[in-house]
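Note sheet for the following structure.
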There are 2 protein chains.
Amino acid sequence: MPTVSSEELAAAAGVNSAKLRKDFSYLGSYGTRGVGYDVEYLVYQISRELGLTQDWPVVIVGIGNLGAALANYGGFASRGFRVAALIDADPAMAGRPVAGIPVQHTDELESIIRDNGVSIGVIATPAGAAQQVCDRLVAAGVTSILNFAPTVLSVPDGVDVRKVDLSIELQILAFHEQRKAGEEAAADTAAVPAAPRKQSATDQGPDGDVPAVMPA
Amino acid sequence: MPTVSSEELAAAAGVNSAKLRKDFSYLGSYGTRGVGYDVEYLVYQISRELGLTQDWPVVIVGIGNLGAALANYGGFASRGFRVAALIDADPAMAGRPVAGIPVQHTDELESIIRDNGVSIGVIATPAGAAQQVCDRLVAAGVTSILNFAPTVLSVPDGVDVRKVDLSIELQILAFHEQRKAGEEAAADTAAVPAAPRKQSATDQGPDGDVPAVMPA
DNA sequence: CAATCTTTGTGCACGCGTTCACAAAGACAT
DNA sequence: ATGTCTTTGTGAACGCGTGCACAAAGATTG
């Protein structure tokens with residue numbers, strides 16, 4: 001029986017072994033003292049807790065470049081997600097297969113959701129269409145939405161929305177890049193608004209540590 | 001002069017006003033007591049601290065669906081990012097414009113990086129090509145990499161890598177969805193590995209609060 | 001100019017999460 | 001079976017971040 005100790009796992013993940021054990025203990029007492037954790041059993045228990053052992057039918061609405069990329073993305077199937085349907089508002093797209101799945105027209109959105117028992121929807125439409133699509137998804141019974149459109153969606157209570165902004169990660173990289181470069185960078189060309197009046201003692205440009213407002 | 005108070009901002013963002021003021025204080029003393037923060041000045045200071053006032057040339061490598069989606073993404077330009085070049089290994093792609101930018105062949109990767117002073121690279125290639133592309137980017141002088149390929153990249157010290165896994169957000173939604181549904185869900189069909197031996201008192205399936213291992 | 005009122009900036013205390021440290025559990029050797 | 005050795009599971013302490021509460025600052029009014 002292949003096993004791992006919390007110490008090994010912690011070293012591999014770069015975290016504290018005690019924290020790892022405490023986290024595992026929330027799932028139950030699956031380890032064996034003096035031996036460690038049975039790998040296969042542990043993997044199954046974590047998978048189950050995370051919902052990876054269930055089959056989640058999802059629909060992707062908006063089959064542009066991004067929607068097509070998502071449909072082709074291999075990581076979904078391996079984590080229990082099944083693309084139940086691809087939906088697009090363009091009639092010219094209807095019937096055309098993307099990633100082996102025929103695109104269906106928006107008119108059929110409601111019936112697709114109901115027939116497949118879909119509870120998770122992915123929105124990859126232009127910003128302008130996102131809220132409307134969102135409303136229809138929710139009305140048809142979807143309770144979780146992954147939003148790639150650059151809009152804040154408003155939904156009723158009980159519906160979860162997660163927004164993915166593809167430029168945020170880039171922004172974080174740029175933030176660190178800026179600090180790597182030090183403050184040798186030339187003053188930038190953008191107009192600098194005048195300070196409101198006073199000359200604060202601490203008003204001396206970026207310096208010191210990473211501000212708490214920035215994600216790590 | 002239009003101003004905002006920390007109270008107004010905190011209410012809008014749904015956070016504590018004291019924390020917001022403390023965060024702002026890391027950037028310097030930009031508020032005026034009795035009045036609030038000068039909006040224009042505050043926006044500029046935050047933008048500068050986050051690196052939004054600089055111009056960041058980036059290259060996108062791998063112009064498939066995802067690469068094309070990124071090239072077309074409007075959010076980049078508005079945040080100081082400029083797509084300096086699109087690069088693909090397929091000779092058939094070379095010269096073809098995507099989002100108004102001609103695709104260039106991988107052979108030119110090094111010269112593109114050097115000529116444009118690119119320090120941030122985006123990898124949207126298949127998993128198999130990612131590490132090789134990464135190595136070439138780093139050798140050419142790139143020090144920050146945004147990786148959309150489903151692989152863990154290894155890089156020398158001093159190079160930042162951020163990995164974007166499009167299915168992680170979906171997984172988080174599924175996790176919450178599972179909890180919404182309660183434990184009424186039928187036992188799933190996957191084979192359940194036998195418990196190693198003992199019958200633990202706490203081994204009674206998911207229950208209680210959200211485990212600390214799960215992101216919020 | 002003095003008094004008042006608003007809002008910032010921050011010291012301090014509280015609470016939560018991480019880490020330490022160890023007793024209990026169980027495997028394994030003798 | 002008894003003892004030793006490894007590793008878990010967790011109580012307790014520590015440290016950090018959040019939020020409270022207030023003094024200081026400055027605008028505004030009479």
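Numbers restart at 1 for each chain; the letters A, B, ... are given by sequence-line order, proteins then strands.
Contact annotation: B:Tyr26 side-chain N/O to C:dT10 OP1/OP2 distance is not under 4.0 Å. The side chain of B:Ser29 contributes an N or O atom lying less than 4.0 Å from OP1 or OP2 of C:dG9. Taking only side-chain nitrogens and oxygens, A:Lys19 never comes nearer than 4.0 Å to OP1 or OP2 of C:dT19. Between B:Tyr37 and C:dG9 there is a side-chain N or O to OP1 or OP2 distance below 4.0 Å.
Evaluated for a ring-ring contact (aromatic ring centres under 6.0 Å, His included) with B:Tyr30, the options B:Tyr44, B:Tyr41, B:Phe24, B:Tyr37 yield exactly one hit, B:Tyr41.
Nucleic acid contact class of B:Ser6 (heavy atoms, under 4.0 Å, all strands): sugar-phosphate only.
Spacing between atom OH of A:Tyr30 and atom C1' of D:dT7 amounts to 19 Å, rounded to whole angstrom units. To the nearest angstrom, P of C:dT10 lies 14 Å from CZ of B:Phe24. Regarding B:Asp23, its CG atom lies at a distance of 12 Å from the P atom of C:dG9, rounded to whole Å. Put simply, CG on B:Asn16 is 8 Å from C1' on D:dC20, counting in whole angstrom units. The distance from atom CD of A:Glu8 to atom C1' of D:dT8 is 14 Å, rounded to the nearest whole Å. Nucleotide C:dT8 holds its P atom 15 Å from the CG atom of B:Leu27, rounded to whole Å. Rounded to a whole Å, the CG atom of B:Leu42 is 10 Å from the P atom of C:dG9. D:dA27 atom P lies 13 Å from atom CG of B:Asp38, rounded to whole Å.
Between B:Arg114 and B:Ala139, the shortest heavy-atom distance links the atoms NH2-O, 4.1 Å. Minimum interatomic distance between B:Pro57 and B:Asp55 (heavy atoms only, all atoms of both residues): CD-O, 3.4 Å.
Atom OG1 of B:Thr53 sits about 9.5 Å away from atom CD of B:Gln45, to the nearest 0.5 Å.
Donor-acceptor pairing under 3.5 Å, judged by distance alone, is absent between the side chain of B:Arg33 and the base of C:dT7.
Where B:Lys22 and B:Ser5 meet DNA chain C, the nucleotide closest to each residue was compared, and B:Ser5 sits on the side nearer the 5' end. Nearer the 5' end of DNA chain C, as judged by each residue's closest nucleotide, is the contact made by B:Ala18, out of B:Ala18 and A:Gly34.
Judged purely by distance below 3.5 Å, without hydrogens or angles, the side chains of B:Tyr73 and A:Asp165 pair a donor atom with an acceptor atom.
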